[in-house]
Amino acid sequence: MDMKRRAFAIILTLAGVLFISACGQHKSIPADTVLIHARIYTVNPQEPWAQAMAVREGKIIAVGSDKAIAAYRGPSTKVIDAGGRMVLPGFVDAHVHMMAGAAQLEQISLNDAKTIGDFQKILRDYAAAHPEKQWIQGMGWFYSVFGKGGLPDKKLVDEIVPDRPVYLLAYDGHTSLANSKALQAAGITRETPDPPSGIIVRDPATGEPTGVLKEAAGSLVAGIIPKPTPEEELSRLTKAIHYAGSLGLTRLISAGADAERVELFDRIRQKGDMTTRFTMARFVSAPVAPDIIKILEENRKKYSDDWIDLSTAKFLLDGVIEAHTAAMLEPYANDPANRGQLYFDSEKYKESVIQLDRLGFTISTHAIGDRAIRLALDAYEDANKASGHTDARDRVEHIEDPSAQDIPRFGKLGVIAGMQPLHATPDDNTLTVWSGNVGPERAQRAFPWHDILAGGAILCFGSDWPVVTLNPWPGLQILLTRQTMEGTPEGGWLPDERLTLEQAIKGYTMNGAFAARREKTEGSIEEGKLADVIIISQDLFRIPPGQIGKTKVLMTMVGSKIVYQDPSWEDKETAPFKNKEK
Ligand SMILES: [Zn+2]
C-alpha cells in the first residue's frame with residue numbers, strides 16, 4: 001500500500017470511529033416522543049414486532065424493546081403509553097376522491113338502503129331535516145334495490161320530493177337518478193339527444209326520460225347545480241381530511257378530480273390544518289392536450305414533497321360492470337349485443353401513455369372490464385419497452401374482472417394493482433347484478449387479488465371514497481373473509497382469493513407507500529422513516545377475521561404530531577397522552 005492510499009485508509013478509519021462515537025451519543029439527545037408498552041407490528045420483515053419506539057423531529061429514531069427505548073427518554077420527552085395495544089404504520093388509502101367525499105359528508109348517503117322503502121325513507125327524512133336546501137343531492141344507491149332491471153325511476157323520488165330538484169348518484173358514481181324537477185331545471189325532455197359518452201334512459205313505451213342518466217348524461221343535471229363557495233369547500237375539505245385521520249389514514253392517493261383543486265389543499269396546509277399526506281392524480285384524456293401536459297409539469301414542479309405530491313396522470317378507460325359500461329372482450333352474458341366500450345381509441349390511449357411515461361409521469365388507469373385491463377397492460381408494456389426503464393410504477397385501478405391470461409402480467413410487467421376490497425362485498429348487488437352481467441365463467445375471476453399477488457405483483461388497497469366508506473377496517477376484513485360484514489356467504493365468495501392478515505396489512509401500508517414512491521420514508525415502522533403511526537382498539541392477530549371491521553383507531557400520529565385521538569381515551573386513568581414522568 002503506498003503512502004497516499006495508506007493516509008486515505010487512516011482518514012477513513014478515523015471517520016469511522018467518529019461516526020460510531022456519534023451514534024453512541026445520539027441517545028443522549030432525548031427523543032421528542034416515545035411510545036411504549038405497545039404491540040407494534042412494524043411491517044418491516046427484518047424486525048416485524050417491537051414494544052416501543054422513539055421519535056424526534058417527525059421521524060422514527062429507534063424501534064425496539066421498552067428497555068432499549070427507555071434510553072431515549074429525557075425530562076421533556078412526551079411519553080405515550082399504549083397500554084399493550086396494537087400499533088401499526090399509518091394506513092394508506094390508495095384510491096380516494098376527496099372533493100367528492102367532502103361534498104358527500106353533507107349530502108344524503110343511500111348506502112344503507114336495502115329496499116325501495118328504505119330508499120324513500122332516507123330521502124324523506126333528509127328532505128324534512130333540510131328545508132333550507134334548494135337542491136337535494138345524494139349518493140350511494142345500489143342497483144339491486146330496484147329489482148331485476150337494476151334501475152330506479154324518477155317517480156320514486158317525485159312521490160317524496162315533488163317540489164325541489166333532487167339528484168342522486170349510484171354508489172359507483174357512474175349512473176344517476178334525477179327527479180322531474182331536476183330534469184325540468186336541466187331542460188331534459190324526450191327530445192333531448194343523448195350526449196357523447198352518455199345515455200338518457202327512456203321509457204320504451206313512451207320515450208319519456210325515466211330520470212336515470214348514465215355516465216356523461218349525469219353532468220347535464222350535475223352541471224347546473226349551484227356551486228358551493230370556495231370558503232364552504234375549504235371548510236368541508238378540512239373536515240374530510242380530519243375524518244381520514246380519525247380512521248387511521250396517514251396518506252391518501254387521490255384517483256382524480258382533486259388535483260384540479262390542489263390550491264385548496266395547499267391553503268389547508270398553509271393554515272397548518274393538513275393532517276394527512278396526499279399523492280394526487282390529474283384526469284387526462286387521450287390524446288393528451290398540450291396545455292394539460294403543461295399544467296401537469298407545472299404542478300409536479302410545485303407539489304412534490306411529503307405532504308402534497310402531484311405527479312400522476314389518470315385515464316378513465318371504461319365504465320362499470322353493473323351498468324354494462326365496462327369494456328369486455330366478449331359481450332355481457334345478459335346483453336349479447338353489448339360488450340361495453342372503451343372511452344378512448346386504443347391507439348391514441350397507448351400513444352398517450354408512452355408520451356406521458358417518457359415525460360416521467362406515473363400513470364394510473366381505471367380499467368374494470370377484461371378488455372380495458374388488457375389494453376392498459378399492453379400500453380404499459382409498450383411504454384416500458386420504449387423507455388427501457390423498469391420502475392415506472394404505473395397502475396391499473398379496480399381490475400374487477402381480468403382475463404386469466406392477463407392476471408400474471410401484473411407481476412411480470414411490474415404494474416401495480418390498485419384494488420378496492422369493499423367493491424367485492426358479496427352482497428345481492430354483487431352476486432346478482434354484477435355476476436349476472438358477466439356470467440358464470442367470468443365471475444370465477446371476480447376481484448382476484450390473491451391470484452394477482454401470487455403472480456408477483458404489488459397490490460395496494462383503497463376505498464374509492466365516496467363510492468364506499470372511507471373506513472379502511474371493513475376493507476381489511478373482507479380481504480381475509482370474502483364475506484359481507486354479516487358473514488355471508490358461508491365460507492366466503494371465491495375463498496381461494498382470501499389473503500392472510502400480513503398480506504392485507506402490507507397492501508394497506510407498505511405497498512400503498514410504494515405506489516406513492518414513498519417506501520423509503522413511509523409504509524413501515526423503521527428507524528429513519530416518518531413517524532406516521534396509529535394505535536388501534538384491538539389486536540388484529542388475536543381476533544377472528546370477522547371482527548376486524550369493528551376496529552377503532554385510538555390515536556393517529558403523522559410526522560410525530562398527534563392529529564387524532566379517540567375522545568373516550570381522554571379522561572381515563574389509562575390515558576396515554578399524559579406526559580408521564582419516569
Ligand atoms: Zn375512483
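For clarity, every value in this text was computed on a predicted model and none was experimentally measured. Remember, it's 1-based here, ligands and their atoms both numbered in the order they're listed. Along the sequence shown, the residues carry numbers beginning at 1.
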task: Provide the full list of side-chain hydrogen bond (donor to acceptor under 3.5 Å, both in side chains) pairs with a residue in residues 495-515, sequence neighbours left out, each pair given once.
output: T500-Q503
- request: Enumerate the residue pairs fulfilling ring-ring contact (aromatic ring centres under 6.0 Å, His included) with a member in residues 226-264, sequence neighbours excluded, ordered by first and then second residue.
  value: Y243-W465
query: Any Lys/Arg nitrogen of D266 or R269 sitting under 4.0 Å from an Asp/Glu carboxylate oxygen of the other?
result: yes
- request: Could I get the full list of side chain to side chain contact (heavy atoms under 4.5 Å, CB included) partners for P408, not counting sequence neighbours?
  value: K412
- prompt: Have H97 and D258 got a donor and an acceptor in their side chains that come within less than 3.5 Å?
  reply: no
query: Protein N, O or S atoms less than 2.8 Å from the Zn ion (ligand 1), ignoring waters?
result: H95 NE2, H97 NE2, D464 OD1
message: Quick one, F283 and E260 - any side-chain contact, counting heavy atoms below 4.5 Å?
response: yes
